[in-house]
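Just below is one structure, and these are the notes that go with it.
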Amino acid sequence: MGHAIILTQYEPETGVTKAMTIREAMEAVHGTVLSGEDKLDLEVHSACGSDMMSDVLAFVKDQAILVTGLCNPQVIRTAEMIDMKCVLFVRDKNPTQDMLELAEEAGIVVLKTGHRMFNSCGLLYAAGLRGGSDYERFT
Amino acid sequence: MSDSLEFKYQIDGEDFARVGHASTDVKKKLKMMGLPPDVIRRVSIAIYEGEINMVIHAYGGEITVTISEGDVKMVLADKGPGIPDIEKAMTAGYSTASESVRNLGFGAGMGLPNMKKYTDSIEIETELGVGTTVTMHVKF
Ligand SMILES: Nc1ncnc2c1ncn2[C@@H]1O[C@H](COP(=O)(O)OP(=O)(O)OP(=O)(O)O)[C@@H](O)[C@H]1O
Ligand SMILES: [Mg+2]
């Protein structure tokens, strides 16, 4: 079962979380944009990685990016239900035209990367993302 | 004696790609009505989990949403196989979902617990071989 990994950008010096843009997140994972190019400069504060949609819905706080290896319309629906701003497909998954239209309607940016889940989350982490309240609970 | 609004949706049990359309529409309507974001999110999650269950565990059915003063009521009725043990079904992590359903991203056994967590009340009526009706309320 996929576990939800919750990330949020964290500044080690100050201990505060800081926003990054979707574009910066995309560059961090060497990704490309498939839909919602006009919204790449939106700010995001946190992300969540999972292939199980109910897991995502269970631990939702205000994560803005859903990182997933699952590729079906329910990924977009799930993101939409909890007001996420962006879905990042890993392992070069190609969403269908229907999925992209669904995302367009919902105002969700769709990205993809060739990296796998672990590396994708790792690259986001290396770019400055850290766990928010959940992360701090264990440190 | 205040006015209430009612919306009905038929859920096709065969069409996995389309499941969620009712939830999307309900969310849109609540947004237009200007309900608080937190209420909209709670309703969205609960109804979406319920709609998915109707398709992956039953054979579709009907969703009725009634919005009245301070209350969103959701009734999800299916003619599926029913739930043999509701207490077990409500346990986080319990799922009878097949491998093919898991491959679609569902079957974590979190749906019913989520529905309970995000609503003010949940009631499940079920009869084996006849169907299941889930009634939920979110107050605001
Ligand atoms: N409408 C229904 N009809 C028949 N059985 C149901 C129905 N809804 C839930 N169940 C039963 O209850 C179990 C638990 O449901 P729940 O929604 O919590 O988890 P799930 O659907 O299996 O996985 P997830 O919701 O995490 O994707 C299901 O596996 C199924 O056996
Ligand atoms: Mg479920």
Side-chain angles (χ1 to χ4, degrees), chain A residues 1-6 35 45-46 48-64 66-85 87-91 93-108 110 117 134, chain B residues 11-12 15-28 30-31 35-57 89-95 97 99-119:
Chain A
M1 192 192 302
H3 280 276
I5 305 161
I6 297 163
S35 173
H45 296 261
S46 53
C48 166
S50 184
D51 290 347
M52 288 304 244
M53 295 301 108
S54 287
D55 245 6
V56 175
L57 296 168
F59 302 113
V60 57
K61 286 204 178 73
D62 57 349
Q63 296 88 325
L66 174 57
V67 188
T68 187
L70 184 71
C71 190
N72 67 42
Q74 300 316 323
V75 174
I76 310 291
R77 299 258 192 216
T78 299
E80 180 186 7
M81 288 305 140
I82 50 181
D83 306 300
M84 287 181 138
K85 292 183 180 140
V87 171
L88 167 62
F89 289 107
V90 301
R91 275 185 280 136
K93 297 274 172 165
N94 280 311
T96 61
Q97 196 53 40
D98 282 358
M99 289 167 64
L100 294 177
E101 275 165 27
L102 213 51
E104 186 76 38
E105 264 172 55
I108 292 171
V110 180
M117 176 67 99
D134 277 75
Chain B
I11 308 305
D12 182 349
D15 196 353
F16 180 78
R18 223 173 106 72
V19 57
H21 70 92
S23 304
T24 299
D25 194 69
V26 168
K27 179 168 189 185
K28 207 181 287 167
L30 298 185
K31 245 185 184 164
L35 265 66
D38 174 58
V39 171
I40 297 178
R41 177 176 287 196
R42 289 166 60 212
V43 169
S44 299
I45 295 174
I47 197 169
Y48 180 63
E49 291 281 18
E51 189 179 350
I52 296 276
N53 279 356
M54 291 172 86
V55 173
I56 63 176
H57 304 302
M90 293 296 297
T91 309
Y94 176 81
S95 175
E99 190 60 32
S100 62
V101 167
R102 280 173 196 274
N103 289 338
L104 294 169
F106 294 91
M110 293 305 294
L112 285 170
N114 279 351
M115 288 153 77
K116 187 180 159 108
K117 175 175 161 190
Y118 291 109
T119 57

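Each chain gets a letter, A, B and so on, in the order its sequence line appears, and its residues count up from 1. Values reported hereafter were calculated over all heavy atoms of this structure, with side chains retained and with hydrogens, waters and symmetry mates removed.
With hydrogens and angles ignored, the 3.5 Å screen pairs a side-chain donor or acceptor of B:Asn114 with a backbone N or O of A:Ser54. Counting only distance, with no hydrogens or angles, the side chain of B:Thr91 and the backbone of B:Tyr94 share no donor-acceptor pair below 3.5 Å. The backbone N or O of B:Ser23 sits less than 3.5 Å from a side-chain atom of B:Glu51, completing a donor-acceptor pair. Panel note: side chain B:Tyr118, backbone A:Leu57; a donor-acceptor pair is recorded below 3.5 Å.
Of residues 68-84 of chain A, those residues with a non-hydrogen atom less than 4.5 Å from any non-hydrogen atom of chain B are, in numerical order, A:Leu70, A:Asn72, A:Pro73, A:Gln74, A:Arg77, A:Thr78, A:Glu80, A:Met81, A:Ile82, A:Asp83.
B:Arg18 is not listed as a side-chain neighbour of B:Asp12, based on a closest heavy-atom distance of 4.5 Å or more. The shortest side-chain heavy-atom distance between A:Met53 and B:Leu104 does not fall under the 4.5 Å cut-off.
Neither the backbone nor the side chain of B:Ile47 comes within less than 4.5 Å of any heavy atom of chain A. Contact of B:Phe16 with chain A is made through backbone and side chain together, with heavy-atom distances under 4.5 Å. The contact between B:Phe106 and chain A is made by backbone and side chain atoms together, counting heavy-atom distances below 4.5 Å.
Within 6.0 Å of atom NZ in B:Lys116, 12 or fewer heavy atoms from other residues, nucleotides or ligands are found, so the atom counts as exposed in its surroundings.
Most heavy-atom pairs under 4.5 Å with chain A, from the set B:Val19, B:Ile45, B:Ile40: that is B:Val19.
Here CE of A:Met99 is found 3.5 Å from CZ of A:Phe89. Values are rounded to the nearest 0.5 Å.
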